[in-house]
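Both backbone and side-chain heavy atoms feed into the values below; hydrogens, waters and symmetry mates do not. A, B, ... follow the sequence lines: proteins, then strands. Residue 1 opens every chain.
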Amino acid sequence: MRFRLIIFLIISVTGFSGCIKRDNSGFTDIPIIESHLRPGDYLNLTVSRQIPFSSNVNYSADDLNSLTITVTCNNLDYILTPLGDGKYIDSTCIVSEGERYDMSFNYNSMNVSAYTEVPLRPSGFSESATTISVMRMDSTFTPSVGGWQMPDPLILTWDNDDASYYIVVVENMEETLDPIRDFGDNEPRFGTFRKMPTTSAGIEMRPQEFQYFGHHRIILYHVLHDYASLYDETTTSSLNLTNPSTSIKNGYGIFTGLNADTLYLNVKELK
Amino acid sequence: MKLFNDRLQILTGLRTDYFETTGRAYFEPRASISYNLTDRLVIKGSTGNFYQFANRVTREDIMSGNKEFWILSDGNTVPVSSAIHFIAGLSYETSNYTFSAEGYYKKIHNLTEYSLRINASPMGMDYNENFFNGYGFARGIELLAQKNSGNLTGWVSYSLGEAKNHFDEYSDGYYPANQDVTHEFKIVGLYKYKRWDFSANWIYATGRPYTAPSGAYTITLLDGTTKDFFKVTAKNSIRLPDYHRLDISANYLLLMGRRGDTKCRELGSVSFSIFNLYNRKNIWYKQFTIEDGEILENSIKYLGITPNITLSLKLR
């Protein structure tokens with residue numbers, strides 16, 4: 001009899017506890033912010049939503065185009081104007097280097113905030129050559145009888161006493177792209193490419209990195225650590241889901257300042 | 001120490017360890033008490049402080065399932081973990097049956113977890129330190145009813161428990177620990193008939209928690225290319241499906257000797273068993289892959305139905 005009573009109690013407790021509803025929802029509607037503050041630009045920002053993993057999710061009732069977004073600089077508040085598609089701008093405030101910008105707005109009953117500083121313009125930016133000559137490598141290419149000598153690398157240097165982050169982006173300026181090498185059946189490369197972020201005071205660019213002949217714009221960006229972390233290759237590893245290291249609270253994406261200097265390079269065909 | 005005609009028994013002890021890495025001694029006091037209310041009914045309790053120098057660290061891997069590894073404490077990045085236990089219960093025992101109910105509470109300090117999923121300070125924290133420390137607790141009630149004698153024996157047990165951890169890097173408050181199982185029910189039956197031993201056991205447990213990708217977003221980089229990032233759910237906020245399975249076995253004792261002999265020698269046994277008789281697809285962990293901006297989920301399962309035949313022989 002006692003044994004049956006114990007079994008009854010066990011089953012009763014199990015049944016009662018089993019009625020407690022467990023919350024298995026995993027998606028929270030947290031906004032995505034994308035803003036790059038460059039000196040000379042207006043204050044600008046884009047807000048969007050995540051793409052959920054599950055189709056059965058609850059979105060916030062907030063309208064992405066009707067948010068009250070405030071950016072504070074030098075104790076002055078600027079309320080951004082919506083342009084549609086989640087884009088916001090304030091044409092009364094021009095971004096300046098060295099300034100701190102604080103952003104906040106309310107979304108899904110949470111206060112979304114972020115801050116950033118605009119780094120100084122790169123100084124001492126120089127290149128070892130303004131023109132490099134590269135052999136065209138198509139189906140007719142054969143090394144010369146005396147051997148084929150690789151051109152010297154292009155050396156870019158700049159001042160970096162505080163070991164902050166810099167990114168070099170190279171853009172081809174030609175209207176029609178003239179490829180250096182035959183891509184064959186592969187997709188043609190973009191006319192723009194970049195180097196990995198670095199904390200050093202210079203980099204070396206091998207001529208093979210250039211895909212096209214013509215005039216190029218070499219842009220040296222002075223960026224913050226949060227922007228440099230976007231280029232962390234381990235982000236897409238199956239071992240981790242490291243998200244950008246940002247100052248954004250209750251939101252994702254990037255809210256950062258950056259500055260730049262530009263040099264020019266001509267990639268000519270070596271005849 | 002025994003008091004009140006040996007009804008009350010108190011046992012105390014002290015264990016001391018010296019750990020060279022940290023250069024200090026660790027004291028682990030413990031005590032237990034029991035009181036016989038009747039010759040069958042006993043109430044008991046115990047408490048103790050425990051240290052652990054070899055730590056089992058969970059390496060968080062949301063996409064491929066968490067893995068665990070053991071590492072010796074260094075007193076800094078991987079501190080010496082400790083726990084304090086409180087246990088109280090009562091038991092009722094007859095010649096044929098045992099019934100017990102026990103409650104426990106454990107407070108655990110210096111838990112360590114390893115994760116590459118962090119958000120460092122935007123002003124430039126070092127990414128190299130990926131060991132995180134936290135604390136947690138576990139509490140619950142365990143009930144047991146057991147039949148000890150006769151051809152038919154076995155037991156039924158039920159436990160209601162909660163295990164939670166707190167790591168600042170994951171959340172502001174407590175979240176379910178990796179091993180948190182709310183309900184666990186077991187029933188084991190054993191039947192002996194001549195040379196045969198039959199057994200069956202059924203296990204049921206509610207699902208363990210896990211973390212999963214919850215969404216994705218894209219950021220445009222300076223060179224015009226885009227990069228996808230993925231967000232995950234709150235730590236351990238989702239539960240795997242409940243776990244249950246039924247195992248059965250039959251064991252036949254091999255004896256040497258004629259029928260009616262009182263001095264048969266045991267030769268060995270032949271046993272046949274089936275693990276997971278109804279082939280329940282219990283999930284061990286989930287794997288996620290990202291293809292073309294879409295998150296795909298794959299469930300890694302435990303062993304399905306597995307028959308087993310064993311012959312064991314005793315050599316003289």
Side-chain angles (χ1 to χ4, degrees), chain A residues 2-3 6-7 9-10 13-14 17-18 20 22-28 30 32 34 36 48-54 57 115-116 167 169-171 190 192-194 219 221 223-227 229-232 234-247 252-254 256 258, chain B residues 59-64 92 97 99 115-125 127 141 143-145 147 156-158 160 182-183 185 204 206-207 211-225 227-234 237-239 287-290 293-295 297:
Chain A
R2 279 202 192 93
F3 191 77
I6 296 293
I7 297 296
L9 287 174
I10 291 171
V13 172
T14 307
S17 301
I20 298 172
R22 285 194 291 270
D23 180 14
N24 283 334
S25 63
F27 178 82
T28 305
I30 293 180
I32 311 302
E34 201 166 345
H36 308 91
S48 59
R49 286 193 163 98
Q50 296 176 71
I51 302 168
F53 175 38
S54 168
V57 297
Y115 69 91
T116 191
I167 299 176
V169 175
V170 180
E171 297 177 354
F190 291 116
T192 300
F193 65 95
R194 55 144 177 98
I219 308 169
Y221 287 98
V223 299
L224 299 177
H225 177 265
D226 56 352
Y227 194 81
S229 71
L230 294 179
Y231 296 84
D232 183 357
T234 60
T235 304
T236 55
S237 161
S238 64
L239 293 179
N240 74 82
L241 289 167
T242 306
N243 279 269
S245 162
T246 76
S247 67
Y252 305 132
I254 188 78
T256 191
L258 46 87
Chain B
R59 189 195 76 185
E60 186 192 48
D61 188 342
I62 293 164
M63 304 299 274
S64 306
Y92 180 88
Y97 297 97
F99 303 97
S115 175
L116 296 174
R117 178 176 65 94
I118 57 169
N119 279 329
S121 161
M123 293 303 123
M125 288 286 282
Y127 267 104
I141 300 171
L143 306 175
L144 172 72
K147 186 175 184 292
V156 177
S157 68
Y158 167 74
L160 173 66
T182 308
H183 305 285
F185 180 81
Y204 171 88
T206 50
T211 312
S214 63
Y217 60 94
T218 302
I219 288 180
T220 304
L221 303 178
L222 286 169
D223 59 353
T225 58
K227 195 160 192 177
D228 296 331
F229 294 92
F230 296 86
K231 290 310 298 180
V232 298
T233 62
S237 61
I238 306 178
R239 293 277 172 172
Q287 273 185 334
F288 300 92
T289 54
I290 301 163
E294 193 180 345
I295 303 174
E297 179 183 296

Which of parallel (below 30°), tilted (30 to 60°) and perpendicular (above 60°) describes B/Y158 and B/H183?
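Rings of B/Y158 and B/H183: parallel, as their planes differ by under 30°.
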
Between A/V170, A/T192, A/I32, A/V169, who has the most heavy-atom pairs with chain B when the cutoff is under 4.5 Å?
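Of the candidates given, the most pairs with chain B belong to A/I32.
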
Apply side chain to side chain donor-acceptor pair (under 3.5 Å) to B/E297 and list each qualifying residue two or more places apart in sequence or on a separate chain.
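Result, side chain to side chain donor-acceptor pair (under 3.5 Å) vs B/E297: B/K286.
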
Side chain to side chain donor-acceptor pair (under 3.5 Å) involving B/T220 - partner list, sequence neighbours excluded
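Side chain to side chain donor-acceptor pair (under 3.5 Å) list for B/T220, sorted by chain: empty.
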
What's the separation between atom CG in B/D223 and atom CD1 in A/I167, rounded to the nearest 0.5 Å?
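Nearest 0.5 Å value for the CG-CD1 distance: 9.0 Å.
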
What option among B/L221, B/L222, B/T211 has the most heavy-atom pairs under 4.5 Å with chain A?
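Top option by heavy-atom pairs under 4.5 Å: B/L222.
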
For A/I219, is it the side chain, the backbone, both, or neither that has a heavy atom closer than 4.5 Å to a heavy atom of chain B?
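It is neither, since no heavy atom gets under 4.5 Å.
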
